[in-house]
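Since the structure comes first, as structure tokens, the remarks are kept for the end.
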Amino acid sequence: MNSTIADLKTRFEQALVAAFGEDYANTDPLLVPTSNPKFGDYQANVAMSLAKPLGKAPRAIAEQLRHHLDVSDLCEPPTVAGPGFINLTLKTAYLEGQLHAIQADPRLGVASVKDPKRVIVDYPSPNIAKEMHVGHLRPAIIGDCIARILEFVGHDVQRISHVGDWGTPFGMLIAHLRASYPKALTSTANLDLGDLSTFYRQAKQRFNADETFREAARLSVVQLQAGEQETLHAWKIVCELSSRSYQKIYDLMGILPVMERGESFYNPFLPDVVVELDALGLLVEDNGAKCVFLEGFTNKDGNPLPLIVQKSDGGYNYAATDLAAIRYRVQVDRAQRVIYPVGAEQTNHFVQIFQVGRRAGWITDNVEFFHAPFGFVLGENGQKLKTREGDAIPLKELLHEAIAHARQDLETRLAAEGRQETDAFIANVAQVVGIGAVKYADLSQNRTSNYIFSYDKMLALQGNTAPYMLYAYVRVQGISRKGQIDFEKLGANAKIVLQEETELVLAKHLLQLEDVLNQVSQDLLPNRLCQYLFELSQKFNQFYDRCPVLQAEEPLRTSRLVLCDLTARTLKLGLSLLGIPLLERM
RNA sequence: GGACUCUUAGCUCAGAGGAUAGAGCAAUCGCCUUCUAAGCGAUCGGUCACAGGUUCGAAUCCUGUAGGGUCCGCCA
């Protein structure tokens, strides 16, 4: 479906040419939603910007443009206001027609993009053998959401988790596996190595305390890098154990499957990266390390800052792996857009590796590498969220606590209302609300800013929270239950009549989903979708308050049922793109 | 020394060149015999950190200042 704003933009472009000639064919009409509903629905700000080039008063330009503007099928007659704004108000009949069109469309009027791109989203990339913790919360939630949105609007999306599955800590883990679980290496049976973090802690303790063990660990690293069979086998066991533990978290969070393609995957390509950089003359040996000196970065003494690609001992570091990944994603994966939802503290690192990738010729103008930075998760004291002992909070713990909070809220409310519900109902509502609240709290803030993690605020029943939106959806379901309405059977020719102000406001908002999704797929700021859904819920609640549905006379009754249905479907789709499922009752 | 980032209502935050800067919470006051009041309406609340500049127009772009956060050679 052609979005209204895109349609109007075309009309303006035609009017600009008609009024001022071909020179103005590519002039942006500066068409935006109005800043205030009293000005109508859309405003064009182009007249002011043309005052200088045309040498005319902006209001006169606006008038001239208005005469050449043909929007009578969409809008009431345009008006000129203020210094030269051209204000547009959509016709009710047009809105009714548009609603009718999206009602029949499973995609609710959101067209698939005309130029689908191959996109890689790189998240949440934890380190093997370490439990996922609060540091992985944002990449998992934001990455999953970005991937869902880009996929929905029609791109070819690949989710890749660049897990830390190679390097020195593995010696320790493998040595521990050999010493404590020798059977793991010979038997193919499923092993229970217990809790992952316990396994890691034990290995670490032993590494710190025992010199012979340290030696065994070092030997294991060498064997691993040499590709020694038994060591590789042990490595794989540790990786699989980790994957299983991640998968449990992803399932709990409702994160769609990601392809694990970790650092080890790029291991064979690391020498090529060094060779290529060297051949291009970018590589400089400094203190035994092979480096690329960066443009625009200096160290504390004011000298150019190197990016170390190969360490003086011949080993590789994460910069090398990241460069190999850049190269591979362009040359083999043929990605056109690569998105890294990673904390803002790594901004320098990404600027640096992208710079080197560009200078090496891997990143060209045809491919966009984008670091989508996000801020910290802070505790209610405004400091980085940590346990009392100063450790990162395990994700499992944090999520279960959210569920427990949600459950307590629910049980309190059930008791207050004298309602009886089954254990299964309570458990399901608590999980959907608890996890949804955590995800929504994260996504509803501007990605780039820090945010304060508060169970009380994210689970609040009013305001811009997951429960508020889930409730709006539940209200619609309440109507369909009460009236025994099957929304799917409303019929494609159900008449839509917009009479009340709240109906018009709701209708206009319903029609903006496509614009919002297009914007979010561009700027990758999911909070804009959250804002849209929150406003939708508010507008629905206002409509619900003012307009009886089931008791209304026809044709209003059916028309309002369609508005309810469209609201519910829009919430369902929108929340699903945030990775949040819905409830029929709560 | 350098780089990035933030500073908007009492609190938590939107706002990415357009008209009188918005929302939620908190506070105060209304609205349930009627589809779940987990709701709706109203009131209160601002020197957009500060100073310059660009622009017809700046919370938004540029420069500087102050204050907070983060990062800066062989961890990822």
Side-chain angles (χ1 to χ4, degrees), chain A residues 30 32 34-36 38-39 43 45 47-52 57-58 81-85 87 125 127 162 164 167-169 263 286-291 296-302 305-313 315-319 321-322 343-349 351-352 373 375-376 378 382-384 409-410 413 417 419 444-446 448-452 454 456-457 460-465 467-468 470-472 474-483 485 502 523 525 527-528 530-531 534-535 537-538 541-542 544-552 560 564 585-586:
Chain A
L30 301 174
V32 292
T34 54
S35 53
N36 187 320
K38 77 176 179 189
F39 301 131
Q43 61 183 64
N45 303 327
M48 280 82 76
S49 72
L50 289 180
K52 195 167 272 183
F85 299 108
N87 290 338
S125 312
N127 285 325
H162 190 85
T168 42
E263 294 173 342
D286 193 69
N287 288 329
K290 291 183 176 154
C291 319
F297 288 88
T298 52
N299 65 15
K300 287 167 190 168
D301 305 322
L305 193 73
L307 181 76
I308 293 177
V309 181
Q310 192 172 17
K311 300 188 285 181
S312 52
D313 67 0
Y316 297 97
N317 58 9
Y318 69 118
T321 320
D322 283 346
E345 68 275 14
Q346 291 198 45
T347 300
N348 274 346
H349 172 66
V351 174
Q352 292 170 2
F376 293 117
L378 304 178
Q383 303 293 310
K384 262 182 96 168
D409 283 358
L410 176 63
R413 195 162 54 81
E417 294 173 10
R419 273 169 63 190
S444 61
Q445 306 254 322
N446 186 307
T448 57
S449 49
N450 295 341
Y451 82 98
I452 293 175
S454 157
D456 288 342
K457 287 206 167 130
L461 308 167
Q462 54 280 103
N464 190 6
T465 63
Y468 178 87
L470 293 171
Y471 179 61
V474 163
R475 281 187 133 176
V476 180
Q477 302 316 306
I479 291 174
S480 78
R481 269 196 305 278
K482 182 101 176 187
I485 308 294
T502 53
D523 58 28
L525 292 172
N527 65 301
R528 301 219 154 124
C530 294
Q531 188 66 30
F534 175 54
E535 285 171 9
S537 305
Q538 277 185 317
N541 277 328
Q542 287 156 6
Y544 183 91
D545 200 52
R546 289 287 310 266
C547 300
V549 177
L550 294 172
Q551 293 94 329
R560 287 177 179 172
C564 290
R585 287 196 310 124
M586 63 192 283

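In what follows, chains carry the letters A, B, and so on, assigned in the order in which the sequence lines appear, proteins first and then strands, with residues in each chain numbered from 1. Computed from a predicted structure; not experimentally measured.
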Whole-Å distance separating the CG atom of A:L461 from the C1' atom of B:rG39: 11 Å
Sugar-phosphate, base or nothing in reach of A:C547, heavy atoms under 4.0 Å: base
Touch class at under 4.0 angstrom, heavy-atom based, for A:V474 against every strand present: base
Residue pair A:F85, A:F39: steps toward the ring pair (Phe, Tyr, Trp, His ring centres under 6.0 Å) verdict: CA-CA 9 Å; A:F85 299 108; A:F39 301 131; 7.3 Å; no
Any donor-acceptor N/O pair under 3.5 Å between B:rA76 base and A:E263 side chain: no
Between A:N45 and A:Q43, a side-chain donor and acceptor under 3.5 Å: yes
For A:Q542 against A:T502, the heavy-atom pair lying closest together: O-CG2, 3.9 Å
Sugar-phosphate only, base, or nothing, as touched by A:N541 at under 4.0 Å among non-hydrogen atoms: sugar-phosphate
Listed nucleotide nearest any side-chain atom of A:D286, set B:rC13, B:rG73, B:rC35: B:rG73
Syn or anti for B:rC4 (syn when the glycosidic angle lies within 90° of 0): anti
side-chain N/O A:Y468 vs B:rC40 OP1/OP2, d < 4.0 Å: yes
Sugar-phosphate, base or nothing in reach of A:R546, heavy atoms under 4.0 Å: nothing
Sugar-phosphate, base or nothing in reach of A:N287, heavy atoms under 4.0 Å: base
Sugar-phosphate only, base, or nothing, as touched by A:D456 at under 4.0 Å among non-hydrogen atoms: nothing
Most 5' of A:G463 and A:N450 on RNA chain B, judged by nearest nucleotide: A:N450
N or O in side chain of A:R528 less than 4.0 angstrom from B:rG15 OP1/OP2: yes
Touch class at under 4.0 angstrom, heavy-atom based, for A:P548 against every strand present: base
Candidates B:rC40, B:rA16, B:rC74 - which lies nearest the side chain of A:Q542: B:rC40
Closest to side chain of A:K311, choosing from B:rC74, B:rG2, B:rC56: B:rC74
Residue A:S312, side-chain atoms from C-beta onward, closest of B:rC74, B:rC35, B:rA76: B:rC74
Contact under 4.0 Å: A:Q538 side-chain N or O vs B:rA23 OP1/OP2: no
Nucleotide of B:rG39, B:rG18, B:rA16 approaching A:D545 most closely (side-chain heavy atoms): B:rG39
N or O in side chain of A:S449 less than 4.0 angstrom from B:rA14 OP1/OP2: yes
A:R546 atom CZ: more than 12 heavy-atom contacts under 6.0 Å: no
Any-strand Watson-Crick or G-U partner of B:rC71, both distances under 3.5 Å: B:rG2
Sugar-phosphate only, base, or nothing, as touched by A:G478 at under 4.0 Å among non-hydrogen atoms: sugar-phosphate
Watson-Crick or G-U wobble partner of B:rU28, both distances under 3.5 Å: B:rA42
side-chain N/O A:Q310 vs B:rC74 OP1/OP2, d < 4.0 Å: no
Face-to-face contact A:F39 to B:rA19 six-ring, under 5.5 Å, under 30°: yes
A:S35 vs B:rA19: side-chain N/O to OP1/OP2 distance below 4.0 Å: yes
Exercise: do A:N446 and A:Y451 side chains pair donor with acceptor under 3.5 Å: no
Sugar-phosphate, base or nothing in reach of A:A289, heavy atoms under 4.0 Å: base
Sugar-phosphate, base or nothing in reach of A:L305, heavy atoms under 4.0 Å: sugar-phosphate
Touch class at under 4.0 angstrom, heavy-atom based, for A:Y544 against every strand present: base
Sugar-phosphate, base or nothing in reach of A:D313, heavy atoms under 4.0 Å: nothing
Residue A:I308, side-chain atoms from C-beta onward, closest of B:rC35, B:rG73, B:rU70: B:rG73
ring centroid sep under 5.5 Å plus plane angle under 30, A:F85 with B:rA19: yes
Side-chain donor-acceptor pair present, A:E535, A:Q531, cut-off under 3.5 Å: yes
Nucleotide nearest A:N348 (side chain, heavy atoms from C-beta), chosen from B:rC74, B:rC71, B:rU12: B:rC71
Atom pair CG (A:L378) and OG (A:S454), whose distance is rounded to the nearest 0.5 Å: 12.0 Å
Watson-Crick or G-U counterpart of B:rC35, or none if no pair lies under 3.5 Å: none
Candidates B:rG15, B:rA3, B:rC35 - which lies nearest the side chain of A:N446: B:rG15
Base B:rA37 paired with A:R475 side chain (donor-acceptor, <3.5 Å): no
Which nucleotide in B:rG18, B:rG2, B:rG73 has an atom nearest any side-chain atom of A:S49: B:rG18
Closest-nucleotide 5' rank along RNA chain B - winner of A:F534 and A:P169: A:F534
Side chain of A:Q445 (C-beta onward), nearest among B:rG18, B:rA3, B:rU12: B:rU12
Watson-Crick or G-U wobble partner of B:rA58, both distances under 3.5 Å: none
Touch class at under 4.0 angstrom, heavy-atom based, for A:P467 against every strand present: nothing
Short side-chain N/O contact to B:rA19 OP1/OP2 from A:N45, under 4.0 Å: no
Short side-chain N/O contact from A:K457 to OP1 or OP2 of B:rU12, under 4.0 Å: no
Residue matched to B:rU12 through Watson-Crick or wobble contacts both under 3.5 angstrom: B:rA23
Euclidean distance, A:S312 OG relative to A:K290 NZ, rounded to 0.5 Å: 11.0 Å
Nucleotide forming a Watson-Crick or wobble pair with B:rU7, both distances under 3.5 Å: B:rA66
Touch class at under 4.0 angstrom, heavy-atom based, for A:L307 against every strand present: nothing
